[in-house]
Amino acid sequence: MPAFLAAYDFLLVSMVLAAVLALSLYLPLMAGQLSLASPGFYALGGYIAAIISTKVFPPAAGLYPVPLVLLEMAVAAVASGVLGVIVGVPALRLRGIFLALATIAFVEILRVISLNLDVTGGAIGIFGVPQPFASQIHYMSLAIPLLVLCMLFAARLERSRTGRALVALREDELAADAMGVNPTRYKVLAFTVGAMIAGVVGALSAHFINTWNSRQGTFDTGVSLMAFVLIGGSRTFVGPVVGGLVLTALPEALRGIADVGGLPGWLAQFLRDGRLIIFGVMIALGTVFFPHGLITPALLERLGRGRRHRVEAA
Amino acid sequence: MSAGAGVDVLGVEGLTCSFGGVIAVSRVSFSVPRGELFGLIGPNGAGKTTLFNLVTGLTAPTAGRLRYRGRDITGLPPHRIAALGIARTFQNVRLFGELSALQNVMIARHVRTKSGVVGGVIGLPSARAEERDTRRRALALLELVGLADRPDERARNFAYGDQRRLEIARALALEPELLLLDEPAAGMNSGEKRGLSELIRGIRARLDLTILLIEHHVPLVMDLCDRIAVLNFGELIALGVPAAVQKHPAVIEAYLGDEA
Amino acid sequence: MSAGATPAPLLALDDLSIHYGRVQALEHVSLDVRAGEVVTLIGANGAGKSTTLRSISRIVPIHRGRIAFDGRDISGVRPSDAVRMGIAQVPEGRRMLARQSVLDNLLLGAYTRSDSAGIQADVERQFVRFPRLAERRRQLAGTLSGGEQQMLAIARALMSRPRLLLLDEPSLGLAPLIVRGIFDIIRELHAAGVTILLVEQNASLALQIADRAYVLEAGRLTISGHAAELLTDERVRRAYLG
Amino acid sequence: MSSSLLLQQVLNGLAIGSVYAIFALGYTLIFSILRIINFTHGAIFTLGAYATYALTGARFGFNGLLANAALPLHLPFVLALIGGALFAAVSGVIVERLAFRPLRTRGSDPLLTLVSSLGVAVALVNVIQYLFGAEAYSYPADPFGQLPSAMNFGTSTEPVLVRTVQVIIFGVSMVVLALLTVLMNATRTGKALRAVAEDTVTASLLGINTDRLILLTFVISGFLGGVSGTLIGLSVGIAGPYFGIAFGLKGLAVIVLGGLGDIPGAVVGGLLIGLAESFVPAQYIAYREAVPFALLFVVLLLRPQGLLGRAVVQKV
Amino acid sequence: MSRRLASPVTIVSLIAVLCGALVGHAADPIPIGVSVAQTGPVALAGQEQVLGAQIAEEYFNKRGGVNGRPFKLIFQDAGSDEATAINAYQNQINVAKVVAIIGPSLSQQMFAAGPFAVRAKLPVLGISTTAKGIPQVGEFVSRVSAPVAIVAPNAIKAAMDINKNIKRVVVLYAQNDAFSKSETETFQQAVKDLHLELVTVQTFQTTDTDFTAQVTNTLNAKPDLVIISGLQVDGANLVKQLRELAYKGLIVGGNGLNTTNIIPICKALCDGILVAQAYSPEYKSKINDDFKGIYKDRQKKDPPQFSAQAFTGVQVFVEALGALDKKSPIAKMDLAALRVELNKQLIAGTYDTPLGEISFKASPGGEIVQKQSYVAQIKMDPGGTSGKWVYVK
């Protein structure tokens with residue numbers, strides 16, 4: 001598969017990062033909160049990494065040290081977490097579409113700020129972000145553990161006291177409140193953890209795409225993430241992961257199909273130029289034919305029937 | 001069922017609540033001593049559920065005070081009130097429909113457990129032990145209400161009557177001292193209703209509970225309750241033992257219609 | 001109210017079953033209402049009374065059985081067509097269009113009709129029947145008192161000139177005096193020949209006004225018969241009359 | 001600040017705001033009935049502008065499947081505008097059938113409808129690009145040829161100029177608002193629409209065919225989208241397939257500010273945001289773009305029902 | 001297909017498709033990649049670039065291609081965002097196995113995708129990437145799009161020649177556009193260097209359509225000269241609104257306004273804009289006349305700068321390949337060596353293009369050295385539907 005890896009290393013890593021980012025949106029949604037704030041924290045994390053790696057530890061010859069990348073990711077997590085609490089406490093009093101709108105506003109405000117600050121480089125952004133790896137595929141050594149960690153986190157969370165509290169809020173906030181779950185506390189918690197994940201992905205992404213600017217992490221990103229989660233399935237953490245992987249690959253897959261020989265010229269041309277038409281239509285169809293997303297808890301139950309019982313009985 | 005040191009479990013003092021000019025509960029006062037099974041009846045729309053919402057903090061009163069074991073709980077948020085030991089069921093059944101019966105009950109152990117995000121996710125020994133304990137207690141409660149055979153069934157798939165019993169199990173998971181039941185017999189057939197009466201009597205005795213009960217099914221209330229309060233148009237129009245209340249002219253007028 | 005030789009009832013539910021998700025709301029319910037009758041459906045909260053009415057108005061899907069109106073199977077029609085065919089419902093909780101005026105609520109009641117002169121005349125007729133509404137014709141429906149809202153709900157339903165009127169808990173949350181007024185109106189409608197299916201928690205009131213009654217318990221019909229007989233039926237008395 | 005400058009800024013604000021308002025009217029109409037945000041509105045708006053362009057008989061550009069194509073007719077501008085709006089209305093119907101109704105009949109999560117409408121919006125924008133390319137177009141001839149390009153609301157020594165086309169847009173948005181108000185409040189259909197908006201079940205019980213009225217809502221919203229697309233296209237040219245999408249985000253701020261689903265609110269929200277933008281001091285102009293969203297954030301926190309909206313009481 | 005199977009099948013088929021994409025191409029013509037924005041908001045520029053490149057493909061292949069061997073352009077949409085540009089690059093490099101890439105359209109995209117070319121060691125040529133720092137991305141990244149450093153002051157000087165009394169200057173720029181942001185810095189520096197008074201700087205967004213606030217602020221500052229750095233549609237609308245609201249003074253437009261695409265927007269009001277040009281249709285040379293001729297034939301108007309730059313990009317690679325082939329036959333080189341040698345040859349050469357004579361700096365490698373720079377003034381026809389860029393200096 002070396003040729004495949006060479007051609008699609010970037011795409012594969014993007015898919016993994018998209019899956020992680022989708023989880024950042026999924027976490028607040030676990031508590032029933034549709035927040036489109038993730039792109040804002042993603043942007044923040046990216047700027048933090050870009051600034052640290054180009055200005056604080058200016059690149060020397062050779063590869064950029066991986067421990068510094070990890071440091072940046074940690075800083076991004078902390079900064080996003082703090083900002084998450086600051087934004088989350090007032091914003092999470094809002095419900096439903098109003099929360100989504102407030103978080104869209106938050107992302108837009110961040111974007112305008114980043115256009116105007118010197119340190120973020122305005123529209124040009126920050127470029128020449130140094131590379132910690134010789135090849136793109138090596139980003140997997142950070143991206144995969146990150147995804148696994150986040151998935152493990154989500155999986156364990158779903159079966160813990162905290163996770164139950166979040167899901168209870170999603171199912172019926174009022175009843176959960178009456179059963180002793182503090183809604184504000186758990187909503188802010190989920191929002192903040194989501195923010196931290198988004199920040200970490202942003203930090204890694206700044207290296208991964210070599211540059212960072214105000215076009216990263218905008219409303220459009222939020223829309224994509226929402227599609228990842230809802231098309232993938234919003235009732236289990238596996239859904240957003242699959243949604244992120246599949247929907248990130250989809251436009252490129254259409255490009256790939258066009259390159260496969262043997263197609264009539266007009267069709268190949270349409271697959272290339274019209275791939276976003278197909279993408280849009282597939283998203284719309286996805287909502288109709290997979291109203292609960294591609295991956296549902298019921299599907300997982302069927303796939304893993306029995307195993308779960310044994311584990312739980314232990 | 002001793003009255004204890006004389007401190008009532010619940011004290012309602014001049015409680016008033018209005019929504020946009022409509023008075024739902026008007027200057028209602030009563031107190032419930034420890035261990036009592038206290039019935040609340042009245043026509044639909046009389047303010048019974050609003051009273052429950054006030055006691056559990058879901059609705060803020062316009063005036064008046066609420067005391068729980070002598071402590072002023074007026075204005076506390078619902079989760080704080082729940083943590084103090086007041087649990088409830090809902091008139092329209094508000095289970096977490098997509099979750100299993102077991103999970104529904106386990107959620108209500110929230111205030112009696114304490115493992116945090118990190119402990120739960122990493123699986124610290126203390127958290128694991130707590131999780132096992134939560135599961136064990138939840139299963140025991142399902143057993144108590146007679147649903148132990150289907151712990152993994154999704155709540156919304158249960159029959160109406162079973163959903164009501166599941167809701168009771170969930171409320172009990174909170175280990176409440178005061179239990180508020182809002183029309184627990186609604187949607188049940190006569191057999192189920194009899195079973196429910198037994199259940200309510202049983203849990204009161206076994207768990208040393210004080211119970212506030214809203215119920216439409218008059219025979220059930222008369223049969224079960226120590227005392228009954230009658231609400232009409234938000235006002236408390238009668239309060240006393242079942243036999244007395246049943247004969248109260250205002251009650252007959254308001255609740256049973258102009259039969260006379 | 002002699003049924004005489006009238007063969008087909010105006011409304012017939014035949015082995016009707018309805019479930020919400022996997023929860024059964026109605027099981028094998030069969031009942032009928034003949035033209036000119038007042039039939040009441042009594043039972044505890046959650047017994048499935050409202051579901052029955054909602055199924056007749058076609059706003060909940062049916063999973064088994066059929067509904068015939070005037071001999072025609074209406075199981076598959078839209079709610080708006082049910083109204084057009086002559087089924088009007090006064091829903092539980094009155095469901096005012098709170099942000100529209102009393103007059104507009106009435107006019108919307110006649111939405112299926114296009115005879116503007118007739119509609120106008122009917123509006124005036126309702127105002128005669130309910131003078132309180134006439135005084136408040138420009139007021140927003142949301143600002144009316146509970147009793148006035150119930151009157152408006154009934155008047156609104158009558159505006160479609162229904163052949164069958166479904167009344168869901170008309171006494172809900174109303175003072176006894178007002179309930180008495182509402183039931184007087186139901187009696188008047190009955191006298192005027194309107195066919196009525198009445199769902200009521202206040203069993204004794206309902207039984208006093210109805211010709212026949214059905215008792216619904218946990219989604220199943222348990223007792224049926226002439227209202228006067230049920231009023232003295234020991235089982236009914238114990239269960240619903242206290 | 002001189003009084004003429006103040007007047008200028010107020011008029012600027014109203015001018016910008018009326019563009020937002022006219023965009024938002026069709027947007028908020030759908031929300032008022034269905035309680036969902038229709039992200040296809042921007043794309044329908046764009047379609048309307050393109051359709052009008054085509055109906056005037058103008059030629060498309062060098063790119064896309066229909067490069068250099070033109071319709072064999074030359075409608076006068078006003079007719080083309082109506083035709084374009086009708087085309088947009090039909091598009092609205094198709095969108096409702098494909099993206100909204102299937103989900104509604106299944107009783108799907110409203111969020112899903114949001115995603116579905118986003119998918120359709122992406123597809124529509126790219127269809128436009130696929131057919132007509134990405135270039136900017138503008139209508140061949142000014143439809144109000146003899147009018148000056150700007151009107152003076154000040155004195156000859158201290159002119160306060162407003163672009164004529166913006167005065168027209170302001171006028172049209174007021175007329176549209178008035179017509180919508182009449183439609184919603186004084187006609188049988190409007191009352192039925194309001195009934196559907198307030199309570200779909202009750203509306204059905206009154207014999208209102210709710211599906212048909214929802215379709216009608218899409219027709220009206222699409223028509224309004226088409227009219228506003230053409231008018232704004234007249235003001236600033238049709239800036240390519242993303243023309244309408246660019247208004248979408250700000251449109252959101254507008255309709256929330258006015259109270260989601262509140263029709264006069266959309267106009268008030270639009271004008272307010274326009275005014276707020278125009279009063280940003282010259283030296284802070286770089287932050288102007290953030291103003292609507294800062295306003296949105298603050299309003300949401302203080303008054304989530306919007307400035308004109310009513311609070312919704314939640315029933316326990 | 002059952003619901004249960006649907007999603008696994010979807011995933012498997014996606015993977016199959018990705019693998020299928022690897023079926024190699026072993027075409028005889030020399031593949032040169034063109035990855036510009038064919039979708040997304042930047043497609044307006046991208047489609048002009050595609051046109052220019054296609055003209056070049058036909059034109060040079062008709063003249064024998066690379067010493068008799070034809071070349072072909074492989075188009076892979078770079079979209080309007082960074083990730084798509086990188087994906088397009090990866091496809092060009094690894095699947096289409098091109099010798100060199102032209103594009104992407106945006107500077108930000110080049111910052112993202114350029115390093116991939118550097119790592120893969122193949123030459124890439126920016127054709128519309130004007131932000132500062134592009135050649136610094138790395139050894140294999142060059143550009144034919146001039147970073148306006150020379151052009152900008154010239155345009156201001158041209159304005160000062162027309163109106164000797166210019167003192168007060170207002171600068172406006174699109175703050176969310178990298179090109180405009182870079183350009184305005186040059187303009188602002190030039191204004192200071194020429195001892196003019198910069199009275200206010202106003203910003204807007206490329207997505208803006210209403211500029212009345214900026215126009216009011218501009219008019220309040222009572223300028224003698226207004227300098228605009230923006231893209232086509234926003235720039236043209238700004239000009240239009242300035243004029244409609246009675247701004248009478250001179251306007252200098254940046255390179256973004258150097259396209260006939262502004263004419264449908266500002267129409268007669270475009271008249272008199274001084275444009276700093278990296279390309280002028282008026283430039284007299286054989287190659288430009290040829291290019292302009294073909295373009296006009298097809299599109300009935302003068303070629304825009306983006307098309308000319310794309311044409312130039314293709315030309316530079318073709319000529320460099322030809323020169324390299326003469327030194328050592330490229331048919332005998334393996335792809336990796338060819339790419340490296342091509343880059344060396346590219347930087348070493350001098351090219352007579354529609355943009356004028358260009359060559360590349362050795363340091364930073366790949367920065368364009370453009371002999372000609374142009375300042376033109378737009379002269380609109382009386383009808384206001386077409387106009388000409390009249391060469392000023």
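Below, chains carry the letters A, B, ... as their sequence lines are ordered, and counting in each starts from 1. Note that this is a predicted model, so its numbers are computed, not measured.
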Partner chain D: residue of [options] with the largest heavy-atom pair count (under 4.5 Å):
options: E:P41, E:A43, E:A37; answer: E:P41
options: E:A236, E:G46, E:A213, E:G40; answer: E:G40
options: E:T39, E:I262, E:I263; answer: E:T39
options: E:V215, E:T207, E:T216; answer: E:T216

Let me know if [X] has heavy atoms under 4.5 Å from chain D in its side chain, its backbone, both or neither.
X: E:V50; answer: neither
X: E:Q299; answer: side chain
X: E:L51; answer: side chain
X: E:Q205; answer: side chain
X: E:E244; answer: both
X: E:Q232; answer: neither

Which distance, rounded to the nearest 0.5 Å, do you find between the [atom1] of [X] and the [atom2] of [Y]?
X: E:N220; Y: D:S4; atom1: CG; atom2: OG; answer: 8.0 Å
X: D:Q9; Y: E:N217; atom1: CD; atom2: CG; answer: 7.0 Å
X: E:F211; Y: D:I16; atom1: CZ; atom2: CD1; answer: 10.5 Å
X: E:N261; Y: D:Y137; atom1: CG; atom2: OH; answer: 9.0 Å
X: D:L161; Y: E:T212; atom1: CG; atom2: OG1; answer: 12.0 Å
X: D:S149; Y: E:K240; atom1: OG; atom2: NZ; answer: 9.5 Å

Which atoms of [X] approach chain E - backbone, side chain, both or neither, heavy atom under 4.5 Å:
X: D:Y130; value: neither
X: D:V125; value: neither
X: D:R163; value: both
X: D:E135; value: both
X: D:A282; value: both

* To do: Examine the side chains of E:D210 and D:Q166 and answer whether a donor and an acceptor come within less than 3.5 Å of each other.
  =>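 Side chains of E:D210 and D:Q166: pair found under 3.5 Å.
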Flag the pair [X] / [Y] as yes when at least one side-chain heavy-atom distance between them is below 4.5 Å, and no otherwise.
X: D:R288; Y: E:T203; value: no
X: E:V233; Y: D:F243; value: no
X: E:D208; Y: D:E289; value: yes

* To do: Among D:S138, D:G13, D:G237, D:G61, single out the residue with the greatest number of heavy-atom pairs under 4.5 Å to chain E.
  =>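 Of the candidates given, the most pairs with chain E belong to D:S138.
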* If you count heavy-atom pairs under 4.5 Å between each of D:I285, D:N68, D:V19, D:L11 and chain E, which one has the most? ->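 If we count pairs closer than 4.5 Å to chain E, D:I285 comes out on top.
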* Check whether more than 12 heavy atoms from other residues, nucleotides or ligands sit under 6.0 Å from atom NZ of E:K222, and answer yes or no. =>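 No, not enclosed.
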* Does NZ belonging to E:K301 count more than 12 external heavy atoms closer than 6.0 Å? ->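 Correct, the count exceeds 12.
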* **Least distance between heavy atoms, D:A136 atom then E:I265 atom** =>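 Distance-wise, the nearest heavy atoms are CB-CD1, 4.0 Å.
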* Which atom of D:A286 lies closest to which atom of E:Q175, heavy atoms considered ->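 So the minimum-distance heavy-atom pair works out to O-OE1, 3.2 Å.
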